[in-house]
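Written out below as structure tokens is the structure these notes cover.
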Amino acid sequence: MAMSIINKYVWLVETIYRAHKISFEDINRKWLDNEDFSEGVELPLRTFHKWRIAVEEIFGLIIENEKRGEYRYYIENEDAITRGGIRSWMFNTISTSNILWENRSLSDRILLEDIPSGREYLQPIIDAMKKNQLIHFTYYNYWRGDYRQHCIEPYCVKLFRQRWYVVGKELDATDNKPRAEMSLLNLCRGATDEEQSSNVIHVYSLDRMSKFSKSEQTFKYPTDFDGENFFKGCYGIIAGDGTNLEHVALKVSAGQANYMRDLPMHQSQREIEQNDKYSIFELNIRPTFDFQQEILWNGEDIEVLEPMWLRKEIAGKIKLMWNKYQERRNK
């Protein structure tokens with residue numbers, strides 16, 4: 001299906017979503033105003049209804065008519081646009097693309113974040129997932145500082161902080177048999193076989209891959225695997241390192257609390273106390289390495305109240321940082 005058609009579907013959803021309720025006559029007027037899409041030609045009612053059906057099939061968004069009064073159209077399940085999931089992500093991505101394309105004359109004034117080149121492997125990995133094919137690749141490990149061959153059963157892909165990751169079971173790169181078990185954190189740090197723990201499912205960043213290929217050999221997708229459950233309680237992409245789900249309480253400065261309300265750290269986040277100086281947020285989360293890094297990134301604006309082991313862990317990292325700065329000053 002041509003991307004231009006998809007863009008028009010997104011335009012229709014946005015037009016209705018912004019108006020909340022809108023008649024077909026007003027939709028047509030807005031269509032004519034957008035000459036990039038309409039080229040000055042009115043939107044036929046029959047085409048509009050085709051688009052309504054397509055929008056539901058592609059994005060899961062239901063465009064209904066109030067069937068009385070002005071017979072206005074509205075999105076019956078408009079909360080699905082902000083609820084998350086692949087359809088919501090796809091809609092928002094294309095919507096942003098539409099905005100940028102319509103305002104390309106301002107390209108030198110619209111500054112975008114660079115995305116690593118790992119996306120070149122996204123399509124072949126998804127193709128392999130469809131056919132349950134093994135994939136082979138060379139992977140650069142930051143902790144060990146070396147390249148190694150890998151063969152995995154690709155189970156799912158995940159986007160986190162502008163990087164794509166693939167999740168799958170590690171096999172021996174030579175005979176395609178399961179390798180010794182290891183956790184993601186140990187894998188990242190270059191653990192030996194003796195140090196490896198009880199998880200055979202690993203996570204790999206696509207931008208550190210090279211010499212990628214798909215195998216003709218297939219595997220049986222495990223019916224008990226679920227990507228959402230695999231990352232349940234996780235902040236980022238570290239999963240299966242043995243970190244338990246914990247009740248975490250954070251004391252956040254009043255200024256930073258505004259950002260946390262608008263963009264929650266985790267879906268379990270809830271605010272239980274608020275005053276002029278600070279707010280307290282509770283989360284049910286696995287306080288893994290990447291979650292701890294997020295806390296440290298916020299500096300003095302976030303203080304861990306519970307659990308005590310996490311508070312001590314963060315305090316220890318802060319002390320190490322302080323000591324480094326002190327050492328430098330004393331030289």
Side-chain angles (χ1 to χ4, degrees), residues 1-34 36-38 42-102 122 126 129-130 156-162 164 225-235 258-271 281-285:
M1 184 178 296
M3 181 56 70
S4 60
I5 297 296
I6 297 288
N7 289 341
K8 290 173 183 177
Y9 298 159
V10 171
W11 174 87
L12 177 63
V13 172
E14 285 185 322
T15 299
I16 298 174
Y17 181 72
R18 289 170 184 163
H20 296 294
K21 290 185 178 182
I22 185 171
S23 66
F24 174 73
E25 289 73 19
D26 286 336
I27 292 173
N28 189 41
R29 267 193 290 273
K30 291 181 179 294
W31 170 254
L32 290 171
D33 288 341
N34 190 327
D36 287 335
F37 280 166
S38 70
E42 290 192 354
L43 177 64
L45 183 59
R46 184 176 179 181
T47 300
F48 165 74
H49 287 302
K50 284 183 179 179
W51 290 3
R52 282 180 58 201
I53 297 170
V55 163
E56 183 172 352
E57 291 175 348
I58 297 172
F59 302 116
L61 299 173
I62 303 169
I63 298 175
E64 276 291 353
N65 186 281
E66 58 188 354
K67 297 178 181 177
R68 65 178 185 275
E70 298 178 51
Y71 288 86
R72 296 172 299 177
Y73 290 92
Y74 62 95
I75 301 172
E76 186 178 75
N77 57 336
E78 66 176 27
D79 62 312
I81 294 175
T82 56
R83 196 166 53 218
I86 187 170
R87 287 183 171 181
S88 174
W89 182 87
M90 184 169 63
F91 172 80
N92 290 325
T93 300
I94 299 173
S95 175
T96 302
S97 177
N98 274 355
I99 294 171
L100 295 177
W101 178 251
E102 290 174 11
L122 180 60
I126 292 176
M129 286 166 52
K130 287 179 181 178
C156 70
V157 292
K158 179 179 174 66
L159 180 65
F160 178 65
R161 285 187 169 171
Q162 303 296 323
W164 281 102
F225 177 82
D226 181 275
E228 291 289 339
N229 286 333
F230 181 75
F231 286 105
K232 186 177 181 180
C234 296
Y235 169 74
N258 292 321
Y259 292 96
M260 282 190 63
R261 291 187 198 102
D262 290 342
L263 188 62
M265 271 191 174
H266 190 255
Q267 59 266 31
S268 65
Q269 175 182 306
R270 65 190 188 96
E271 190 172 5
F281 293 89
E282 287 185 336
L283 303 89
N284 290 313
I285 199 168

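Values below: all heavy atoms of this structure, side chains included; hydrogens, waters and symmetry mates excluded.
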Tell me whether the count of non-hydrogen atoms from other residues, nucleotides or ligands lying under 6.0 Å of [atom1] in [X] goes above 12.
X	atom1	answer
Leu263	CG	no
Glu42	CD	no
Lys158	NZ	yes

So how far is it from [X] [atom1] to [Y] [atom2], rounded to the nearest 0.5 Å?
X	Y	atom1	atom2	value
Thr15	Arg29	OG1	CZ	13.0 Å
Ile75	Arg18	CD1	CZ	11.0 Å
Tyr71	Glu66	OH	CD	9.5 Å
Glu228	Cys156	CD	SG	9.0 Å
Arg270	His266	CZ	NE2	14.0 Å
Trp31	Leu12	CH2	CG	9.0 Å

Does any non-hydrogen side-chain atom of [Y] lie less than 4.5 Å from one of [X]?
X	Y	answer
Phe281	Met265	no
Glu70	Glu25	no
Trp11	Ile27	yes

Considering non-hydrogen atoms only, spot the tightest contact between [X] and [Y] and give its length.
X	Y	result
Asn65	Tyr74	C-CE2, 3.8 Å
Gly233	Ile285	O-CG1, 3.0 Å
Val55	Leu61	CG1-O, 3.5 Å
Phe225	Gly227	CE2-N, 3.7 Å
Asn77	Gly60	ND2-O, 2.9 Å
Leu43	Phe24	O-CZ, 3.2 Å

* To do: Report yes if the distance between the aromatic ring centroids of Tyr9 and Phe59 is under 6.0 Å, otherwise no.
  =>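 Centroid separation for Tyr9 and Phe59: 6.0 Å or greater.
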